[in-house]
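Data first, discussion second: the structure below is written as structure tokens.
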Amino acid sequence: MDAWVRFSAQSQARERLCRAAQYACSLLGHALQRHGASPELQKQIRQLESHLSIGRKLLRLGNSADALESAKRAVHLSDVVLRFCITVSHLNRALYFACDNVLWAGKSGLAPGVDQEKWAQRSFRYYLFSLIMNLSRDAYEIRLLMEQESSVYSRRLKGSGGGVPGGIESGGPGGPGTSGGGLPQLALKLRLRVLLLARVLQGHPPLLLDVVRNTCDLFIPLDKLGLWRCGPGVVGLCGLISSILSLLTLVCPWLRLKP
Amino acid sequence: MDAFTRFTNQTQGRDRLFRATQYACMLLRYLLEPKAGREKVVMKLKELESSVSTGRKWFRLGNVVHAMQATEQSIRATDPVPRLCLTLANLNRVVYFICDTVLWAKSVGLTSRINRERWQLWGARHYYCFLLLSLLRDVYEIALQMARAADHRARRERSSQDALGWQVGDEVSEDWLQSSLLLLFQSLKRHPPLLLDTVKNFCDILIPLNQLGIYKSNPGVIGLGGLVSSVAGIITIAYPQMKLKTR
């Protein structure tokens, strides 16, 4: 009980719970529609989903300031690429929340002249940019870790006094190609790269969680902006997975990716 | 801005801000309604008030657990009177939050078989009991502080009398009221958390008093009371040392 009190005292936690519930409703609604459930039940689920959506907008009313504060902090990072990616991501998030606040004002009747469609599209665009920046940051971190791992591996090989004939060069996408047998060589290289990637991700759960979360989140703005229509079922499932993962990072702070 | 972020990161902080907004709208509406040509503004205020009020229900979901934890804590208080008052108060708060959750379920359409008025009445009744018991505890603490201050002053007077070697007559009974009020003022000034808590509970109790029909007041008074108590709540969250602690 004490844990619940501490958890729900963070307003982010409550908002994430509502998000998980909203996407669960969306997924449930889609499943019920496919299986031909009663229209009464479908209407109830849709109503709950819309209530959750508006409630979440209110819960998010102060988040612009939050995102700006995070962007301010990210400007002081030492690594240039990380600094750029994280700062731009937070700035885009701040703009997304600002558009979201405008949408709330429109929905709650404060500013009835707000063009809901236009502002919704704008907000999803900023959200998409922020997710792309997050994924770029993840890719950069993965690449750094892969370089680290493969250099450690090759040092160990050299140290043990015997190299693998035609072994992989550390880093660099194109090592000096050996003559002949190009395709099997390429396939071997690719397989080793994939194994290295799996090893890196396995050894760094926060990074893995962040990658999966951002990838799942990516489907939502792609669908809403019409760039890649995946359907409400996929959107609901991806939203639910990413909400559960972000709840996990709130409950277990060591799973959160630190810059 | 950092302080604002830290403040709004707590759910309670955000909730108090919204509550202050809600009651400020109520107060403004009451002040602007009789004026001509302000219908649009009044309508906007009404819509803002209702959407903030509905949205705040999301903040209150799960507060049953918070209230149960507060009950557990108040059982461990050392002083018997606050222990009794606070435990009963928090139990009433638990029931109030249960009624509130049921009303939320009805408002989002999860269940339609709820008699809204009855549950609202039950909730208001238990909220009223919670505030009454909290005020009782505040009165007890004030009386305790006043007794301590009076005792301290009497000891000081006695020591100064002994030093001077003569006794003061019974002139105390004449300005008893004046000295009691002075004592009350001094005790409250020395203990801002107690003053804040008393003001908060006193302003809050106007709401259920109006809902239950015990003391009907106009929306202006309720709006002002709600606004003052929300501001007091914001102060206790922004400055945790201003929160009244249970010994």
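Within every chain, numbering begins at 1; the chains are lettered A, B, ... in the order of the sequence lines, protein sequences first and strands thereafter. As the structure is a computational prediction, the values presented were derived from the model and not from experiment. Computation of the quantities below employed the complete heavy-atom set of this structure, encompassing side-chain atoms and omitting hydrogens, waters and symmetry-equivalent molecules.
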(request) Measure the spacing between CD of E49(B) and OG of S108(A) and express it to the nearest 0.5 Å. (result) 12.5 Å

(message) Need one label for F18(B): side chain, backbone, both or neither, based on atoms under 4.5 Å from any heavy atom in chain A.
(response) side chain

(message) Could you check whether atom NZ of K216(B) has more than 12 heavy atoms from other residues, nucleotides or ligands sitting under 6.0 Å from it?
(response) yes

(request) Determine whether more than 12 heavy atoms belonging to other residues, nucleotides or ligands lie under 6.0 Å from atom NZ of K35(B). (result) no

(request) Return yes when atom OH of Y140(A) has more than 12 non-hydrogen atoms of other residues, nucleotides or ligands closer than 6.0 Å, and no otherwise. (result) yes

(request) Might you confirm whether atom CD of Q241(B) has over 12 heavy atoms from other residues, nucleotides or ligands at distances under 6.0 Å? (result) yes

(request) Could you tell me which of K44(B), K46(B), K57(B) has the largest number of non-hydrogen atom pairs under 4.5 Å with chain A? (result) K44(B)

(request) Looking only at non-hydrogen atoms, find the nearest pair between L58(A) and V52(B) and report the distance. (result) CD2-O, 4.0 Å

(message) Restricting to non-hydrogen atoms, name the atom on Q47(A) and the atom on G109(B) that form the minimum distance, rounded to 0.1 Å.
(response) OE1-CA, 3.9 Å

(message) Please rank S50(A), G55(A), C18(A) by heavy-atom pairs under 4.5 Å with chain B and give me the top one.
(response) G55(A)

(request) Spell out, as yes or no, whether a donor-acceptor pair under 3.5 Å connects the side chain of R14(A) to the backbone of T11(B). (result) no

(message) Is I45(A) in contact with chain B via its backbone, its side chain, both, or neither, using a 4.5 Å heavy-atom distance?
(response) neither

(message) Tell me if the CZ atom of R83(A) is crowded by more than 12 foreign heavy atoms within 6.0 Å.
(response) yes

(request) Kindly compute the distance separating NZ (K107(A)) from OG (S51(B)), expressed to the nearest 0.5 Å. (result) 12.5 Å

(request) Select one option (side chain, backbone, both, neither) describing which atoms of L110(A) are under 4.5 Å from chain B's heavy atoms. (result) both

(message) Quick check: closest heavy atoms across G62(A) and R14(B), and the distance to 0.1 Å?
(response) N-NH1, 3.5 Å

(request) Please indicate whether F84(A) has more than 12 foreign heavy atoms, meaning atoms of other residues, nucleotides or ligands, lying under 6.0 Å from its CZ. (result) no

(request) Show your working on side chain to side chain contact (heavy atoms under 4.5 Å, CB included) between H51(A) and W58(B) and close with a plain yes or no. (result) CA-CA 10 Å; H51(A) 275 115; W58(B) 294 100; 4.1 Å; yes

(request) Answer with side chain, backbone, both or neither: which region of S50(B) has an atom nearer than 4.5 Å to a non-hydrogen atom of chain A? (result) neither

